[in-house]
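Following: one structure in C-alpha cells, then a few remarks.
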Amino acid sequence: MVSGVTQKAWHTRSAAESAAVLGVDPSAGLTTAEVNARRARHGSNVLEDEAAVPVWRKILRLLADRMTLVLVVAAVVSAIVSREWETPIVILAVIVLNTVLNYVQESRAENSLAALRTMSVDTSRVRRDGRAEEVSNEELVPGDIVLLEAGETIPADGRLLESARLQVAEAALTGESQPTEKAAAILEDPALPLADRTNMLFMNTDVTRGRAVMVVTGTGMDTQIGGIATLLKGAGQGKTPLQRRIDQLAQLLTVVALSVVTVVFVLGILRGQSWSDLLITAVSLAVATIPEGLTAVVAFTLAMGASRMASRGAIIKQLSAVETLGSTTHIATDKTGTLTLNEMTARRLHTMGRSFRVTGEGYSSDGRILTGDAEPLPPMSDALMAMALCNDAGIQAGKLVGDPTEGALVALAAKGGIDVEAVRGNHPRVAEVPFDSDYKFMATFHEQNFTEGDHTAARFRCFVKGAPGALLERADSVLTTEGIVPLTDMDRQKVEKDVQAMAAEGLRTLMIAGRRLDGQLPIDDDELRAAAKHLTVYAVVGIVDPPRAEAAGAIATARAAGIAVHMITGDHLTTASSIAEQLGIPGEAASGTELDGLNDDELNRRASGFGVLARVAPEHKIRMIKALQQDGNVVAMTGDGVNDAPALKQADIGIAMGITGTDVSKSAAKMILTDDNFATIISAIEEGRGIYANIIKFVKFQLTTAWGFVLIFLTAGVLGLAGGAPFTALQILWVNIIMDGPPALALGVDPAEPDIMKQKPRPADEPLLTRDRLLRILGLGLVMAAGTIAVLALAPTLFPEASSNPLLGTTLAFTTFVFFQVFNLLNVRSESGSVFSLQTFTNRSIWVSLLAVVTLQVLVVNLDMLQAFFETTALSPGQWGLTVLVGSSVLWVEEIRKAIVRFRHH
C-alpha cells in the first residue's frame, strides 16, 4: 500500500526497496484496479492551474476599463445636467453592451486557447497488468512503472530501477546547464541536493540520451516541480508584440482624440453653447473616436485564428507565432516524414541479371513487379523469401509495425506473391545476427527441410540483407536464370553499376543474399557472423521514401509567396538532391562537411542559395538558421529529434512534428504539426497572413470612422453648422454601437484573399500604420467628412422643407454618415481587390451584419418612438437615395485608387 508521505528519502532506498514500498512488481506493473484506487487518493498527475477568476471579478475589471469609465462619467453628467432620461439610459445600454461583448470575446479567446492546450496530449509508456501500454501523463499514479527513451520528457518524479547510458537535462529544475549522468545505484546521504540525486528522475526534465525504467514516487503537486509551481501561477499569458503595438497605437490615438474633443468643446463655448450640451457631446465624441475596442478584437482574432489553424493540423503554442508566420521568408525543413511520406517503398529490383520496376505506394501489397521487356517474370522465390524472413517488421491492415526499410521489403515480398505470415510460420527463425553499423548487415537462420533422393534431411538456411558493398565482400556466387554460378569480377562490376544507377535516382539500396548450412548451427555470436559468408547474391533492391503528393504544390505556393524552402536532412546528399529535384526545391546542394569548410561570412553570403543540406549535424542547423536570419529574415525551422531542439529555439518559428517528434522538440517549438506534413506549414502561413490582414482591416475601418467624426465636428464647429454639433450624443453613440460591433467583428473571420500567397512576406518590423495605410485612412475620412458636411450644408437648398425643419438636415447627415460606414466596411476587406468580385460574397457574417445595420437605421429614422429618442425625422425615397448615393462615394473613390494600384502592378 502507498502512503501519502515517505519518511525515508527515495534516493537512499534501493530500487527493489522502492518498488516494495510502493507495492508494485516492476516486471508486471500495477493492476488496473490498483491504478484506479490510487488515482482516487492522489488525484490526476497535473500541476494546479491558477485559480479561475470569478465571473463577477472579470466583469468588474471590464467596468474599470478607461473607456467604460468615460461612459459612466457621460451617463452621470447627462443625468445631472439634463432633465431628459433618454441619453443616460442609452449610455448605460452602451456600457452593458460593451461589457457583454468584451466578456464574450475574452471567454471565447480563453476557451480557444484552453482547447489548443488539450489538443496535444502528452503520453507515457508504462507497464500495467503485465503488459506495456501507452497512457496519458495525467493518468499516472505513484507506483506506475514508466519506460523512458531519449527525447522524452519525464512525466512525474520517480526512482530509477534500470538505466542504460542515461543522461537527463535538468536545467528546468536545478539550473544545471549540462545533462546529468543517471544510474540506479543507491545513494547514502539523505541531504543530497536535487542536482546530485543521480538515481532520481524529476517531472518536466528531459532524457537526452539512453533509456530508463523508473517507478513513480510522486505526481502532480507532490513532485519537486509542483513544489515551486506556485511561483509561476501569477505569470499569466503575456501580450504578443502585435498586441503591444496595438496598445501603443490606441494610447496615441486616445491623446489625439481627447485633444480634438477639447478643441470642439472650446469652439462650442466660444459660440455660446450650453455647458451641459457641450459636455455630453464632448464625452460622446470621445467615446466614438477613441479606439477602445482595438485590443479586445485583436486578442479575439488571434485566438480564433489559432483555433482555425489547429483544425488544419497546426497547433500554435504562442500567439506571437500567429503574427510572425505572416512574415516568414525562409523555411528550413527536414525531409523524412515532412516532405516525404515516411513510408519506405521499393521502386527497383535487380535480380538474375535483369532489372524490374515495382509499383504501389507505402506498405500496401497493392502493386506489381513489372518487366521492362516482353519476357515473363523469372522465379524469384529465394530473393522474396529472404526479404520476408530476414526481417522483423510486419504489416497489419496496411499499417507498418517495425522498421520502415524492412516494411518496404515485406511489401515487396507480398507483391511478388509471397504469403509472408505463412512463410514465417513454415520456416521459424532459430538464430540471428542483429544489424550493426560496424558490419552493415543483418542475418537470420531458419530450419528448412530439403528432399534428397527418397529421404528428407533437416538443414539450415541463412538469409542476409545489408549494404551492397559489405555483402559483396562476403559473397562468392550469384543467382542467375541458369541457377547458382560463381561470382566473377564482371558480375561484381555489374552489381556495382546497378547500385550506382539506383543511387543516382535517389534510391537507397539493399542487397539480399543467402546460403545453405549443413551440420550443427553455431551458437556463439562471433561464429554466427562468420557463418554469414560464402553468400549467394539473390537481388539488389532500390528503396525510396516517396515525396508527399501535396508537397510539390505547397513548395510552389511558398515560392510564389516569396518564401524560400531549404531541405536540411541527415540523409545522403544524392538521395536528398533527388527528392529536392522532384519537389521543385532549387539551389545548391551541399553536405555538412562542405559547410564546415565555410567561415561565417561565407555562409552568410551563400546561405539563401542552398536548396539542400545533407548529412548535417545539429551545429550545422544552428549555423544555417543564424545565417538565414541575416538582414532581418524570418526563419521557420522544422524538427523532431532531441538534437533539433537548439535549432528550433534559434529559429523565429520552431515547428515540431506531432507524430514523430520527441517531447524535447515539442517543448522547444512554437508550433506543432499534428500530421507532420509540410503542406500544413504553408496552410498555417496562409492562415497567419489572413489573421494579420483581418486585424489591419479592423484598424483601418475603426480609425477611418474616428477620423471622419473628428473632421465633421471640427468643420461644423468652425463653420457653425447645426450649432457646431451636427450629431446628438445619442446619434454618436448609435454609430459607435452598430458599426464598431458586429460588422467590425465580422472582419475578424474574413477569409484570406485569393492572392494572399502571391504577395511577398511583410517585413517583421512593419508598423501597423504604414505610410500608404495612413494616407488612405486620412483620405477616406476626409471623403466622409466632406460628404456629410455637404449634405448638412446643402439640405435647405436641395429640400426647402429643411429650412423650417432643422431635423431634416441633421437626419440626412446622420444617415449619410452611417452609409459611409456601410460602404467603407466593404472597402477595407481588400488592399487592392475590387468590391465587384466574388470575393465580396465569401463572408456571410459581413452581409448579415450590414443588413442588420441598414434595417436598424431605417427604424431609427422612420419609427415615431425612435424618432423622438434619436431626434430624427422621416426621409422620403429621394432623400434616402441621396444618403446612399453620397455614402457610396467613399466606395467609388477607393475603387479608383485600387484600379490604379492594379494597373501599376500589372
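The chain is numbered in sequence order, starting from 1.
Counting heavy-atom neighbours within 6.0 Å of R357 CZ, excluding the residue itself, gives a total of 12 or less. More than 12 heavy atoms of other residues, nucleotides or ligands shown are found within 6.0 angstrom of CZ on R125. Annotation: R424, atom CZ; neighbour count of heavy atoms from other residues, nucleotides and ligands within 6.0 Å is above 12. Around the CD atom of E588, the shell of radius 6.0 Å holds more than 12 heavy atoms that belong to other residues, nucleotides or ligands.
Put simply, CD1 on I555 and CD1 on I681 are 10.0 Å apart, with the number rounded to the nearest 0.5 Å. Here Y538 contributes atom OH and L384 contributes atom CG; the two are 12.0 Å apart, rounded to the nearest 0.5 Å. The CZ atom of R623 sits 10.5 Å away from the CG atom of L613 when rounded to the nearest 0.5 Å. The distance from atom NZ of K415 to atom OG of S364, rounded to the nearest 0.5 Å, is 7.0 Å. For the atom pair R474 CZ and M511 CE, the distance stands at 13.0 Å (nearest 0.5 Å). Rounded to the nearest 0.5 Å, atoms CG (L603) and CG (L628) are 8.0 Å apart.
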Verdict with reasoning, H350 to V499, per side chain to side chain contact (heavy atoms under 4.5 Å, CB included)
CA-CA 9 Å; H350 289 253; V499 169; over 6 Å; no
Between R492 and L487, does the side chain to side chain contact (heavy atoms under 4.5 Å, CB included) criterion hold? Intermediate values first, please.
CA-CA 7 Å; R492 292 179 186 275; L487 187 67; 3.6 Å; yes
Using the side-chain hydrogen bond (donor to acceptor under 3.5 Å, both in side chains) rule, take T153 and D206 through it: C-alpha gap first, then chi angles, then the decisive distance, then the call.
CA-CA 4 Å; T153 295; D206 302 315; 2.8 Å; yes
Just do the side chain to side chain contact (heavy atoms under 4.5 Å, CB included) check on M387 and I418 with the steps written out, would you?
CA-CA 10 Å; M387 295 176 200; I418 294 290; over 6 Å; no
D419 and E421: CA distance, side-chain angles, deciding distance, side chain to side chain contact (heavy atoms under 4.5 Å, CB included) verdict:
CA-CA 6 Å; D419 186 334; E421 294 305 318; 4.1 Å; yes
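Between V423 and H427, some side-chain heavy-atom pair lies under the 4.5 Å cut-off. Side-chain contact between I579 and V544: present, with at least one pair of heavy atoms (C-beta onward) separated by less than 4.5 Å. Side-chain contact between R605 and E602 is present, with at least one heavy-atom pair separated by less than 4.5 Å. Side-chain contact check for R516 versus I484: every heavy-atom pair is 4.5 Å or farther apart. Between V433 and F441, some side-chain heavy-atom pair lies under the 4.5 Å cut-off. Between L166 and L148, every side-chain heavy-atom pair lies at or beyond the 4.5 Å cut-off. Annotation: side chain of K626 is in contact with side chain of I622 (closest heavy-atom distance under 4.5 Å). M637 places none of its side-chain heavy atoms less than 4.5 Å from the side chain of Q650.
Checking side-chain atoms of T328 against main-chain N and O of L325 turns up a donor-acceptor pair under 3.5 Å. In this structure, D545 contributes its side chain and M344 its backbone to no donor-acceptor pair below 3.5 Å. The backbone N or O of V635 lies less than 3.5 Å from a partner atom in the side chain of D652, making a donor-acceptor pair. For the pair K533 (side chain) and D476 (backbone), a donor-acceptor distance under 3.5 Å is absent. In terms of modelled atom types and a separation under 3.5 Å, the side chain of T536 and the main chain of S477 share no donor-acceptor contact. Between the side chain of T371 and the backbone N or O of L377 there is no donor-acceptor pair closer than 3.5 Å. Looking at T680, its side chain never comes within 3.5 Å of a backbone N or O of D676 through a donor-acceptor pair. A donor-acceptor pair under 3.5 Å is formed between the side chain of R615 and the backbone N or O of G570.
Among T509, L510, L507, T345, the one residue that satisfies the side chain to side chain contact (heavy atoms under 4.5 Å, CB included) test with I543 is L510.
The pair E505-R347 does not count as a salt bridge, with every side-chain nitrogen at least 4.0 angstrom from each carboxylate oxygen. We find that R429 and D392 are joined by a salt bridge, their nearest charged nitrogen and carboxylate oxygen being less than 4.0 Å apart. Note on R461 versus D382: salt bridge recorded, some NZ/NE/NH1/NH2 to OD/OE distance being below 4.0 Å. Of the charged side-chain nitrogens involved, none lies within less than 4.0 Å of a carboxylate oxygen, so that K494 and D491 do not count as a salt-bridged pair.
Pairing each heavy atom of L471 with each of G466, the nearest pair is CD1-N, 3.6 Å. In terms of heavy atoms, V540 sits closest to M502 at CG1-CE, 3.3 Å. Residues A346 and L412 share a closest heavy-atom pair of CB-CD2, 3.9 Å. I585 approaches G611 most closely through the heavy-atom pair CG2-O, 3.6 Å. Here the closest heavy-atom approach between residue H446 and residue F463 is recorded as CD2-CD1, 3.7 Å. The two residues M352 and P379 come nearest to each other via the heavy atoms CE-O, 2.6 Å.
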